[in-house]
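What follows is a single structure, written as structure tokens, with notes after it.
We use all heavy atoms of the structure for the numbers below, so side chains are in, but hydrogens, waters and symmetry mates are not. Just so we're on the same page: letters track the sequence lines, and every chain starts at 1.
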Number of protein chains: 2
Amino acid sequence: MRRTTPSMPARLSASAFALFAQQGIDGVNLDQIAAHAGVTKGSLYWHFRSKHDLVKAACAHYYRTYQRRINEEITHLTDPAERLEHTLEVAVRTCLLDEANRVFTMEIFTLSVHDAEIRRGWQQFYDSVRAFYIGLVKAATLAGALRVGDPEQAVNLMLAAMEGIKLRALFEPDICSPAEEARVREGLRDILGLPPHHPAPLRARRPSRKSAIPIPAGMA
Amino acid sequence: MRRTTPSMPARLSASAFALFAQQGIDGVNLDQIAAHAGVTKGSLYWHFRSKHDLVKAACAHYYRTYQRRINEEITHLTDPAERLEHTLEVAVRTCLLDEANRVFTMEIFTLSVHDAEIRRGWQQFYDSVRAFYIGLVKAATLAGALRVGDPEQAVNLMLAAMEGIKLRALFEPDICSPAEEARVREGLRDILGLPPHHPAPLRARRPSRKSAIPIPAGMA
DNA sequence: CCCTCTCCATACTCGCCAGTATTTTCCGCC
DNA sequence: GGCGGAAAATACTGGCGAGTATGGAGAGGG
């Protein structure tokens, strides 16, 4: 499938992403990143002007990977509801359950506090994600597959919940374990107004009062 | 009210917190922190063994400040519902609307990813906060002031929403502007099952479908 | 009046790492 | 084959900042 071997800038971006996500941006130096990509720092500086440049490239790598994956996964689907459902499923798997992605976003968030350029980049990405979801929800609504008061509001709530879960996963890794995938996904589906995917959930839960972010009870 | 001038370790902790929250942990060096407290690095190292120690002290400063403020604010209240309501109000003002606190927690979260000790400290603090809220909710429920299915679940959802809002505030500062204080607070009250504080909200909103984290609509 | 202990200041070391300068290699091409 | 340029390696610089060594000042106290 892959036509050519990835270009050196692409490899370096990927290495930067991988190491940043593993040891933190400040915990990695340029020699390590270059080594990870199989070259040395001299070559790295041929392609990038500074570490800051590399951080931006790592972000771009993340954006590209995310968008490409979603596209690949739903491009063959035509039913609006299925498209929405599958997108959510992929997002949960890649954004929440993948620890590298969680850590990387965390790093970028903190960096964003003090770096307007990085912040604007992420903001743009985030806006595109939101717009994408809103489009999916509206399409699904038109097709009569779900009923939701305000699509924008619902999507915003769902995305905020995702961020909240991400954060909590830091302190309670079980929340985002593969074993919990179903519960997380169902919680988010619920927020978007989608019916439960498994008609009979694995674990009986009391008829929940309102939209509930699935957080394991046993943690105190 | 203040009996004695604060001890030097306390002043250093406070300075560390202030500067960390302003410029980030990696963006501040020990000379700056010492200078902010009116001493020099030599003295700093008399009280703390390392920068890591100082970070822990800054966290402890945050914990203390938070808990003391809440206590002071509700100690004179006896009605369970009022205690819960006032706690929420203070939390919104100090955790969400105060940018320094937002930035500091962000920094600590990222640090927590790679530092088990800091992580455990925060986890403990977080547990105590959750337990505190659950106690308040249960008391208010017993007093018949509110009806909520599962207090633990509601509190968890509310706290997760808080974190989500904090994160989004990074990219949309308006969310946590003083002007939005009321909306944020009402949204969280709603999650906890508390009735709206102002019977007639300033701005008419459609009868919300389910518990809605108040996120301004105009952002796309 | 000296001794010591606490607390704080000055001055220094030393390693790390982003960034730069200089070479070397590899290729396409005339 | 030798020329030129892209891409990579090697070797170096320079600054920053955590941590240390040391040197007082002041307070008690014997």
Detail all sub-3.5 Å separations between protein N/O atoms and N/O atoms belonging to nucleotides 4-11 of chain C.
{"unit_1": "C:dC7", "atom_1": "OP2", "unit_2": "B:Trp46", "atom_2": "NE1", "d": "3.1"}
{"unit_1": "C:dC8", "atom_1": "OP2", "unit_2": "B:His47", "atom_2": "NE2", "d": "2.7"}
{"unit_1": "C:dA9", "atom_1": "OP2", "unit_2": "B:Thr40", "atom_2": "N", "d": "2.6"}
{"unit_1": "C:dA9", "atom_1": "OP2", "unit_2": "B:Thr40", "atom_2": "OG1", "d": "2.9"}
{"unit_1": "C:dA9", "atom_1": "O5'", "unit_2": "B:Thr40", "atom_2": "OG1", "d": "3.3"}

Looking at every heavy atom in both A:Ile175 and A:Val184, which two are closest together, and how far apart are they? O-CG2, 3.5 Å

If only atom types and distance count, is the side chain of A:Thr105 paired as donor or acceptor with the main-chain N or O of A:Arg102 below 3.5 Å? yes

For the aromatic rings, using the six-membered ring if either is Trp, is the centroid distance between B:Tyr126 and B:Tyr63 under 6.0 Å? no

Taking CD1 from A:Ile25 and P from C:dC17, how many angstroms apart are they, rounded to a whole number? 15 Å

With rounding to the nearest 0.5 angstrom, report the SG to CZ distance, B:Cys95 to B:Phe104. 12.5 Å

Looking only at the side chains, is there a donor atom on one of B:Asp53 and B:His47 sitting less than 3.5 Å from an acceptor on the other? no

Just to verify, which of A:Arg189, A:Glu180, A:Glu181 counts as forming a side-chain contact (heavy atoms from CB on, under 4.5 Å) with A:Val92? A:Glu181

With under 30° as parallel and over 60° as perpendicular, where do the rings of A:His61 and A:Phe17 fit, or are they tilted in between? tilted

Mind listing the closest non-hydrogen atom pair of A:Ile70 and A:Ala91 along with its distance? CD1-N, 4.4 Å

Tell me whether the rings of A:Tyr62 and A:Phe125 are parallel (<30°), tilted (30 to 60°) or perpendicular (>60°). perpendicular

What parts of residues 108-116 of chain A reach DNA chain D, counting only heavy atoms under 4.0 Å away? none

Rounded off to whole Å, could you give me the OH-to-C1' distance for the A:Tyr45 and C:dT20 pair? 9 Å

Which is the 5'-most and which the 3'-most nucleotide of DNA chain D that has an atom under 4.0 Å from a heavy atom of chain B? D:dG17 to D:dT20

May I ask you to check whether A:Phe109 and B:Phe171 place their ring centres under 6.0 Å from each other? yes

For A:Leu12 and C:dA18, what is the distance between atoms CG and C1' respectively, to the nearest whole Å? 16 Å

